[in-house]
J.: 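Just dropping this structure here.
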Amino acid sequence: AFLSSSCAPPTATRIVCDYENIPDTVFHMLVTKYLAYDIPALVAVAGTCKTWRAMVKDNTNKLNVAMPPPPKLLLNFTPRVARSSRTAKKVPHQTKNKDAWNYAAWIAECLHLFPNLEDFVVVGDLDERSYAWFDGLENSRRILHADPTFIAMHTTMFLTDELLQSLAKNCNKLRSLEAEPLKERLWSLETRTYDDDYIFFVSPSHVQRLFDKCPRLVETYFSTDRDLKSIDIPVINDIKTWLDRIKKNGVGTTVKKLRLMSEVSKDEMKMIVNTLPNLEAVYFCDSLSPGVPRHLARLSHLRWLNLRGSAIADGEFEEMLQGIGANLCGLSLDAWETMTRDDFRTIGTHCKNLRYLSLSTMGSHDMTQGDIISVISCCGATLRYLNIECSDFDVDDETLEVVVDHCPEMLILDISDSTVTDYGLARIASRCKKIQLLGMVYCDNMGIYTCESNEEFIDSFVTPLLSLRDLRTIVLSGYVDDILGGEYGSLETFPDHEDVWYRYGYLDGVLQSALPNFKRILRLF
């Protein structure tokens, strides 16, 4: 009766009496959907419900704090926090930042329930929006996390003073903190634009206190960004100081992943490798200094490497892969602009166990379609995730033929901004039966945009997709006008703007009816 009730959440007394032996699955639903409306009810249940008591007292394993509070909780909780004299002046003005601040305040209030918390992770943006569809999709995140080789790397701008104080007070066993300080760009009334200055909602003293109270806290995002230097946090900004602290506490061998927001020198990378020899995932967000790849080659446990937007001197890329390529499961070269064809082909030579390969918006002066075909041919047997959207080399039906022949385990495929036609799509659907997500943004040659009759569209575009029984999501462009040409397309051509939107809706309805796991068509704007 309680589960079917639409009334307000029950009181803590009723929970104590009726749900002493509640099953795990039902209990999880109660906590996430009902009890979370009332924080005192959570505290009361901690002393009575067997499942909750075990969660609180025996939580020695990893625990991700990633449960968004219900809207009603925010409405009831936020005004009380906002009236606090300690925090009233630090409430952000922008809606998205205010949501993050509210969420952080709610989590801070609950952290006393988790004294054994080891890993504090905020998954993605709080509103699940992202500039890249691949990172923003809930389904893609679930598929990736289901892979035992995947190492997640999250750095949502989320930390506030109140949250840091609560972590330092309640969670002294904390080992990993994957979140960045919440900050907000200042709005100029004179220019009606955003300034280059930021307001930070984290104080240096609170960051330092957190590190002092949590001696095992070493596995965190690291930045030498000038924005963070402005708040003068030496523990975060100075690599040598940070590594010396790790050595002093004797926990360097426990660090598994590291995110480097800014460029590091060859000597700094040498110190990192010597101090953190067991790194399994490294994420570079800036270019690599000469000599850095040679030190990376010494990380024998490295399985995931993200070199987004990086640049490597000639020959160093191959030297690096000779050392770590055999163990690599994931490699991202998104937005790389200086890759040569010789360096690129070494991926196929040395990385025989790749499960994830992302080449989104990668540029090159001399690479050809034959180079990407060569790499897919060599690595395809183990590939689960392939992102080749918006790359300089041509992606067409011939490229997909190679995927069909060599990638039977493919789960996520992004071919956005390519010249693939319905023929290539049909070939993929006929052989790669495990595909769960398809990215086809700005694939202008697809039948959904080119077929003159709806019957032809159904035969050439819709019918092949029905054979992908595990398909969950398709990503298409929301800017139909750009594809058709002009604001409303050409009046002499068919289909027009309204026809394409009708086909979007038709395709969504058919796939949801025919495929057991299909969720929706995502239109990317």
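Just so you know, these numbers use all the heavy atoms, side chains as well, and skip hydrogens, waters and symmetry mates. Computed from a predicted structure; not experimentally measured. We number each residue from 1, following the sequence as shown.
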J.: Would you name the heavy atoms of Ser418 and Val395 that are closest together and state the gap between them?
T.: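 Scanning both residues completely, I find the closest heavy atoms to be CB-O, 3.2 Å.
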
J.: List the atom of Cys443, the atom of Asp417, and the distance in Å for their closest heavy-atom pair.
T.: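 Here Cys443 and Asp417 meet closest at SG-N, 4.2 Å.
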
J.: Side-chain contact test, heavy atoms from C-beta onward, threshold under 4.5 Å: evaluate it for Thr399 versus Asp394 and give yes or no.
T.: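 No, too far: nothing below the 4.5 Å cut-off.
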
J.: Does a side-chain heavy-atom distance below 4.5 Å link Leu471 with Ile474?
T.: yes

J.: Kindly compute the distance separating CD1 (Ile151) from CG (Asn306), expressed to the nearest 0.5 Å.
T.: 12.0 Å

J.: Taking the six-membered ring for Trp and the single ring otherwise, decide whether the centroids of Tyr283 and Trp304 are under 6.0 Å apart.
T.: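 Not under 6.0 Å, so no.
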
J.: Taking salt bridge (Lys or Arg N to Asp or Glu O under 4.0 Å) as the test, write out the residues that go with Arg523, two or more places apart.
T.: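 Arg523 satisfies salt bridge (Lys or Arg N to Asp or Glu O under 4.0 Å) with no residue once adjacent residues are dropped.
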
J.: With sequence neighbours excluded, what pairs up with Lys434 under the side chain to side chain donor-acceptor pair (under 3.5 Å) test?
T.: Glu409

J.: Please confirm whether the backbone N or O of Met446 pairs with a side-chain atom of Asp444, one donor and one acceptor, at under 3.5 Å?
T.: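 No, Asp444 side chain to Met446 backbone: no donor-acceptor pair under 3.5 Å.
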
J.: Grab the two heavy atoms, one from Cys407 and one from Cys432, that are nearest each other, plus how far apart they are.
T.: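 Minimum heavy-atom separation between Cys407 and Cys432: O-SG, 3.6 Å.
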
J.: For residues Tyr385 and Leu144, determine if any side-chain heavy atom of one lies less than 4.5 Å from a side-chain heavy atom of the other.
T.: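 In short, these two side chains touch, coming nearer than 4.5 Å.
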
J.: For residues 456-463, which side-chain N or O atoms pair as donor and acceptor with protein atoms under 3.5 Å away, sequence neighbours left out?
T.:
unit_1: Ser460; atom_1: OG; unit_2: Asp422; atom_2: OD2; d: 2.8
unit_1: Ser460; atom_1: OG; unit_2: Glu456; atom_2: O; d: 2.9
unit_1: Thr463; atom_1: OG1; unit_2: Ile458; atom_2: O; d: 2.9

J.: With respect to Asp147, which candidate in Arg355, Arg303, Arg384 satisfies the salt bridge (charged side-chain N to carboxylate O under 4.0 Å, His left out) definition?
T.: Arg355

J.: Can you tell if the side chain of Thr421 reaches within under 4.5 Å of the side chain of Thr450, non-hydrogen atoms only?
T.: no

J.: Less than 4.5 Å apart, any side-chain heavy atom of Leu305 and any of Ile324?
T.: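 Yes, side chains in contact.
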
J.: Should the pair Lys257-Glu280 be classified as a salt bridge under the 4.0 Å nitrogen-to-oxygen rule?
T.: no

J.: If you measure from CE on Met320 to CG on Asp343, what distance do you get to the nearest 0.5 Å?
T.: 9.0 Å

J.: Can you see which heavy atom on Phe344 is nearest to which on Asp371, and at what distance?
T.: CE2-O, 3.6 Å

J.: Among all residues two or more places apart in sequence or in another chain, which pass the ring-ring contact (aromatic ring centres under 6.0 Å, His included) test with Phe317?
T.: Trp336

J.: Side chain to side chain contact (heavy atoms under 4.5 Å, CB included) with Asp342: which residues, sequence neighbours excluded?
T.: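 With neighbours one apart ignored, the set is Thr340.
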
J.: Does Asn353 use its side chain to pair, donor to acceptor, with the backbone of Asn327 at less than 3.5 Å?
T.: no

J.: Test your reading of the model: is there a side-chain donor-acceptor pair from Ser416 to the backbone of Val441, 3.5 Å cut-off?
T.: yes

J.: Do His497 and Val480 come within less than 4.5 Å of each other through their side chains, counting heavy atoms only?
T.: yes

J.: Testing Asp414, Val475, Leu468, Ile412 for side-chain contact (heavy atoms from CB on, under 4.5 Å) with Leu438, which one passes?
T.: Leu468

J.: Compare all side-chain heavy atoms of Val500 with those of Ile483 and state whether any distance is below 4.5 angstrom.
T.: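 Result no, sub-4.5 Å side-chain heavy-atom pair not found.
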
J.: Answer yes or no: is there a donor N or O on one side and an acceptor on the other, between the side chain of Ser360 and the main chain of Asp334, under 3.5 Å?
T.: no

J.: If we ignore hydrogens and angles and just use 3.5 Å, is the side chain of Ser513 paired with the main-chain N or O of Gly509 as donor and acceptor?
T.: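 Such a contact is found between Ser513 side chain and Gly509 backbone.
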
J.: Can you list the residues that meet the side chain to side chain contact (heavy atoms under 4.5 Å, CB included) rule with Tyr479, with sequence neighbours excluded?
T.: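 Tyr479 satisfies side chain to side chain contact (heavy atoms under 4.5 Å, CB included) with Tyr442, Ser477, Asp482, Phe525 only.
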
J.: CG/Leu465 to CZ/Phe518 distance, rounded to the nearest 0.5 angstrom?
T.: 8.5 Å

J.: Which heavy atom in Val375 sits nearest to a heavy atom in Arg345, and how many Å separate them?
T.: CG2-CA, 4.3 Å

J.: Does a donor on one side chain and an acceptor on the other come within less than 3.5 Å for Asn517 and Gln436?
T.: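 Looking only at side-chain atoms, Gln436 and Asn517 do not form any donor-acceptor pair under 3.5 Å.
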
J.: Please indicate whether Gln512 has more than 12 foreign heavy atoms, meaning atoms of other residues, nucleotides or ligands, lying under 6.0 Å from its CD.
T.: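 Yes, because the 6.0 Å sphere around CD of Gln512 holds more than 12 heavy atoms from other groups.
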
J.: Just wondering, do Leu476 and Leu522 contact through their side chains at under 4.5 Å, heavy atoms?
T.: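 No - every pair of side-chain heavy atoms lies 4.5 Å or more apart.
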
J.: Looking only at atom types and distance, does a side-chain atom of Asp499 sit under 3.5 Å from a main-chain N or O of Tyr502, one as donor and one as acceptor?
T.: no

J.: Going through the checks in order, is the side chain to side chain contact (heavy atoms under 4.5 Å, CB included) test met by Leu413 and Leu437?
T.: CA-CA 6 Å; Leu413 178 63; Leu437 280 93; over 6 Å; no

J.: Looking at every non-hydrogen atom in both residues, tell me the closest pair between Asn445 and Val420 and how far apart they are.
T.: CB-O, 3.6 Å

J.: So Asp470 and Ile435, side chain to side chain contact (heavy atoms under 4.5 Å, CB included) or not? Walk me through it.
T.: CA-CA 6 Å; Asp470 293 331; Ile435 283 184; over 6 Å; no

J.: Run Leu466 and Leu511 through side chain to side chain contact (heavy atoms under 4.5 Å, CB included) and show every step you take.
T.: CA-CA 7 Å; Leu466 297 178; Leu511 295 181; 3.8 Å; yes

